[in-house]
Q: 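Below is the structure I would like to discuss, written out as structure tokens.
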Amino acid sequence: MVMFLADVGSSSSSGRGGTSQRREAGRAGQRKRKAEDSSDSEGEGPQLLSQPGRVKELTEEQQRMMDLTERDEYAKRLRERDESRTKNVAEKVDQKAFEEAARRLQLEKEDRTKALPKLRVESRRKYLVKRKDDKIRELEADIQDEEYLFEDKDLSEKERREREHRCTVLQLAKDYEKVRDAENVQRYVMPEEGASVDDSYVEVDEREKKRGYEQRKWEEDQMRGTSLSFGARDKAQHRHDKEYNLVLEDEIEFIKSLPLKGTRKKTKKKKKKKEEDSESSSSSDDDEEEEEEEEEEEEDVMKAPDNSKMSIQEVRRSLPVFPFRDSLLAAIRDHQVLIVEGETGSGKTTQIPQYLYEAGYCDDGKKVGCTQPRRVAAMSVASRVAQEMGKKLGNEVGYSIRFEDCTSERTRIKYMTDGMLMREFLVDPSLEGYSVIIVDEAHERTLHTDILFGLLKDVARFRPDLKLLVSSATLDSEKFSDFFDEAPVFRIPGRRYPVHIYYTRSPEANYIEAAAVTVLQIHITQRLGDVLVFLTGQEEIEACQEILTERVKALGSKIRELIVLPIYANLPSEMQAKIFEATPPGARKVVLATNIAETSLTIDGIVYVIDPGYAKQNYFNARSGMESLVVVPISRASANQRAGRAGRVGPGKCFRLYTKWAFENEMEENTVPEIQRVNLGNVVLQLKSLGIGDLINFDYLDPPPAETLILAMEQLYALKALNHKGELTLTGRKMAELPVDPMMGRMILAAGEFGVVEEVLTLAAMLSVNGAIFYRPKDKAIHADTARKNFFHPDGDHLTLMNVYNEWAGTEYSSQWCYEVFVQYRSMKRARDIRDQLAGLMERVEIQLSTNPADSMAIRKAITAGYFYHVARFSKGGMYKTAKKGQTVMMHPQSCLCEDLPRWVVYHELVLTTKEYMRNVVVIDGKWLLEVAPHYYRDNEVQDNTSKKMPKVKGKAKEELTKEYADPVS
DNA sequence: GAGCACTGC
């Protein structure tokens, strides 16, 4: 096995047109690696390679060579196809696809503009009705409480009057409801247009025959209606009479600390190259004016320029980057790589590409590319820049994200997601079309940006004309600078208000409870302004919401109205939209959010942030091949990012539910970058496709754990994406074209052989929208479960998912249908997009679309061909053991196979929660494994020996297995 | 009888 790894990166002629430099670097690294390995592997490796006889070795060698030739021919075909496509942009096929895309975009846009106001009005109406009921109930409870607590004594005159008033209000409200509901009372109804009077008018009451009754009745109705006013508008007048002084039972003591400096007020221009940096140690003169500063800054808010009244050019000139335009361009001219450090709001994302465009970096037809970690960011920034330049989006300024390519021949400034640039590398490894690449938000350290760093650094070496800008928020620019051979750092001030930080005096045991208490504390003691609470997940958010509504109810009308709103990614969009509605005057909004509010979306009007200091993070354990979602303390960088969310509209406050000591001593400086936490199967495949052989010694900003890389390569080898020398095979090259994980890619390719491509594409798409298909609200859990059970397929969850998709497709992709069966429309739409994209790629990987919906066996065999790594066999006591490692796993309780546990299963993924669960499971026959993965399974491994005792897979037996696997030929 | 943080191709 070790030898196999040492050989990874051998001198394959990549066929991707990889540069000589790159190949040379790889070879050098590989040599080094080889030397290291042979010293510690005790000759185990060479043994493995020399074992097979000479004849076999030859044929194997021949096979390998043949495959490599085929692979290179395939790559050539792909390149040719790409070239012919870019030349004839207006060709029929593309034209059709383009029109379809444009039509969809247009529809979506119309949907948004048309439906949104209507939805808003509708939801407001519903909300008002609901709120009225709530308020009546609340009032009732209040009155009861007070009667119980105070009876009649101890009441001042004012209190007594108030109470009487409340009773009257309640009585009126009840009467009104009674009148409205009662069927036998004739009320005035506006006659419907066109309807004849006789139809709609039914006599019931003799009184109505009297003269003027109708008029009087109408007036009475109106009066009743108006005499009730709901809402918090009248709360303001009670605000100042201190009839009662509210004291919370358990308050949390906070200690104020130095504020996170705002950058808005500063006019001091800080522009320092790295070498001058030491002189400009941050000025400490404004520490003592902390308190006054707070007030001062508030005035500043009032005076802040109203952007809507400024012309576009005026806005551009008012941005903090503007004064640095010329010096920035000079720095870019003088240096190939430049690190741009600037906080959000400095305008760097929108302005710098424009400056470059104006400075002539696009004159020879080359593009300025700017990557963003998120799709929405790429889209919205591009549209903003197009507007500023007075061009139509998609012409000179465009964006490119998955499912949507809004660029054209004329595009010079191109915004895209980082993953999209990765894909472009596959087509154009030296990025010939670009003169400048800007990697924005580099501090977020997404998987794709991290890989891009290595690739771009390499490309920059042999393309001196390519400029590289890495833009990041403060703190880690030094690290980027070191990585890019001491590249200079250019600093731009941001635009943010100061945020005052408060820590707890002692640690809080229960942070959900503590967060709720802090919300109320803020609500009672601090002036108006919305609150944002960071929690780890849906469950915590729901718990916190419950606590808050309960407490607010208990406090009744003694406090202002408090609107509690949840937000997390899996929340249906119409509920998500609520957090963007303006807070009614006099009320306060509390948003309970997951990490989604840390970077992905910005909520207006947030003044207070409550940060318990935890988040859920995904960790991939290479040894067990298992992902686990665990709650971990956040990093200091993340905590500061959260605090910064309070300083967007004015000076804010951040309440941290941990001690200052914990912040300084227990928390990590930075979050562990994604590349060190996730399964790298896909990344390895892509890098291999780029002709990078030696992945262990690839130039990483932070290297991933070697184990993760090794596991990824082992898996790719088992999937036949790499050959025994670690070179990319034809299969591997095709898999790299598909934007899915390697196992899924293999499954899709296998579907071609089994004639079930359409079916497998459907379930691949459904599996790709991560478990967010079924919506399960707490209050309707039973309904949701029965709805889900209706889709169950006896052969497993994959086919169940396929049922869901096919039924949905049968309803013409109806959203109503989704709503009725508790399926998330958003996820289904996404599945459809993914499916369309995959189907479109089938031609590219040279697979014929085929279908055979009734053949469950063929479908399951295709799944097994991709996921033979994920096989488990029934053991005992409802437990399963994985086929190779013998790890004990359980069937997930949500699986449709839970009732009747089959002997052999393939699972889509393992998750560690309370136990080790297999999620999305399908029934298979053990014998299929010999058919679809004969190189991986032995006869004796797939025999049904459940009558016998399970052999212990430990010690020697395990060694045997490993050896067998390491040498697939024997 | 559990539980899906968040992105991206």
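Per chain, numbering begins at 1; letters A, B, ... match sequence-line order. Basis for what follows: all heavy atoms, side chains included, without hydrogens, waters or symmetry-related copies.
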Q: Find which nucleotide of DNA chain B each of Arg788(A) and Arg919(A) is nearest to by heavy atoms, and output the residue with the more 5' nucleotide.
A: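 Whichever sits nearer the 5' end wins; that is Arg788(A).
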Q: Quick one: which of dC9(B), dA2(B), dC4(B) gets closest to the side chain of Ile401(A)?
A: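 The listed nucleotide nearest to Ile401(A)'s side chain is dC9(B).
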Q: Which nucleotide sits closest to the side chain of Asn618(A): dC6(B), dC9(B), dA5(B)?
A: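 Out of dC6(B), dC9(B), dA5(B), the nucleotide with an atom closest to Asn618(A)'s side chain is dA5(B).
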Q: Please report, to 0.1 Å, the donor-acceptor pairs under 3.5 Å made by any side chain of residues 612-619 of chain A, with sequence neighbours excluded.
A:
unit_1: Gln617(A); atom_1: OE1; unit_2: Tyr619(A); atom_2: OH; d: 3.2

Q: Which of the following nucleotides, dT7(B), dG8(B), dC4(B), is nearest to the side chain of Leu629(A)?
A: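 Minimum distance to the Leu629(A) side chain belongs to dC4(B).
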Q: Quickly work out the Met416(A) CE to dT7(B) C1' distance and round it to whole Å.
A: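 Going from Met416(A) (CE) to dT7(B) (C1'), I get 18 Å.
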Q: Do Leu421(A) and Ile437(A) pass the side chain to side chain contact (heavy atoms under 4.5 Å, CB included) test, and can you show the C-alpha distance, the side-chain angles, and the key distance before you say yes or no?
A: CA-CA 10 Å; Leu421(A) 188 60; Ile437(A) 294 284; 4.1 Å; yes
Q: Specify the separation, in whole Å, of atom OH of Tyr619(A) and atom C1' of dC6(B).
A: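 It works out to 14 Å between those atoms.
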Q: Could you tell me if Thr762(A) and Arg835(A) have a donor-acceptor pair between their side chains, going purely by distance under 3.5 Å?
A: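 Side chains of Arg835(A) and Thr762(A): pair found under 3.5 Å.
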Q: Using whole Å, what does the distance between atom P of nucleotide dC9(B) and atom CG of Leu452(A) come to?
A: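 Answer to the nearest Å: 12 Å.
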Q: OP1 or OP2 of dT7(B) less than 4.0 angstrom from a side-chain nitrogen or oxygen of Thr417(A), does that happen here?
A: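 Looking at the OP1 and OP2 atoms of dT7(B), neither is under 4.0 Å from any side-chain N or O of Thr417(A).
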Q: Go through dC9(B), dC4(B), dA5(B) for me and flag the one nearest to the Arg423(A) side chain.
A: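 Minimum distance to the Arg423(A) side chain belongs to dC9(B).
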Q: Starting at the 5' end of DNA chain B and moving along, which residue's nearest nucleotide shows up first, Asp785(A) or Val911(A)?
A: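 Its nucleotide being nearer the 5' end, the pick is Asp785(A).
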Q: For Thr594(A) and dC6(B), is the shortest distance between a side-chain N/O and OP1 or OP2 below 4.0 Å?
A: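 Checking dC6(B) against Thr594(A), a side-chain N or O does come within under 4.0 Å of OP1 or OP2.
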Q: Ring of Phe774(A), cation from Arg788(A) - is the NZ or CZ under 6.0 Å from the centre and inside 45° of the axis?
A: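 So Arg788(A) does make the cation-pi contact.
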Q: Are side-chain N/O atoms of Tyr74(A) and Glu846(A) paired as donor and acceptor at under 3.5 Å?
A: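 Tyr74(A) vs Glu846(A): no donor-acceptor pair found between side chains.
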Q: Using atom CZ of Arg830(A) as one end and atom P of dC9(B) as the other, report the distance to the nearest whole Å.
A: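 Nearest whole value for this atom pair: 8 Å.
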Q: Is the count of non-hydrogen atoms from other residues, nucleotides or ligands lying under 6.0 Å from Tyr819(A) atom OH greater than 12?
A: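 No, OH of Tyr819(A) has 12 or fewer neighbouring heavy atoms, counting only those of other groups under 6.0 Å.
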Q: Taking CG from Asp797(A) and C1' from dC4(B), how many angstroms apart are they, rounded to a whole number?
A: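 So the two atoms are 15 Å apart, to the nearest Å.
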Q: In this structure, how many angstroms lie between the P atom of dC6(B) and the CD atom of Glu441(A), rounded?
A: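 That distance rounds to 19 Å.
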Q: If you only use heavy atoms from C-beta on, which nucleotide in dC6(B), dC4(B), dA2(B) is closest to the side chain of Ile596(A)?
A: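 The listed nucleotide nearest to Ile596(A)'s side chain is dC6(B).
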Q: Reckon Gln538(A) touches a base, only the sugar-phosphate, or nothing at all at heavy-atom distances under 4.0 Å?
A: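 If one applies the 4.0 Å heavy-atom cut-off, Gln538(A) turns out to touch the sugar-phosphate alone, with no base involved.
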Q: For the side chain of Ala569(A), starting at C-beta, report the closest nucleotide among dC4(B), dG8(B), dT7(B).
A: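 Looking only at side-chain atoms, Ala569(A) lies closest to dT7(B).
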Q: Mind calculating the distance between CE (Met735(A)) and C1' (dC9(B)) to the nearest angstrom?
A: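 Whole-Å distance recorded here is 15 Å.
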Q: As a test of reading the structure: which of dA2(B), dA5(B), dG8(B) is closest to the side chain of Arg375(A), going by heavy atoms?
A: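 Closest of the options to the side chain of Arg375(A): dG8(B).
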Q: Expressed as a whole number of angstroms, how long is the span from Asn682(A):CG to dT7(B):P?
A: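 Rounded to the whole Å, the gap is 19 Å.
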Q: Which one, dA5(B), dT7(B), dC9(B), comes nearest to the side chain of Lys616(A)?
A: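 Selected nucleotide: dA5(B).
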Q: What is the nucleic acid contact for Arg402(A), judged by heavy atoms within less than 4.0 Å: base, sugar-phosphate only, or nothing?
A: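 Base: the residue Arg402(A), judged by heavy atoms under 4.0 Å, touches a nucleobase.
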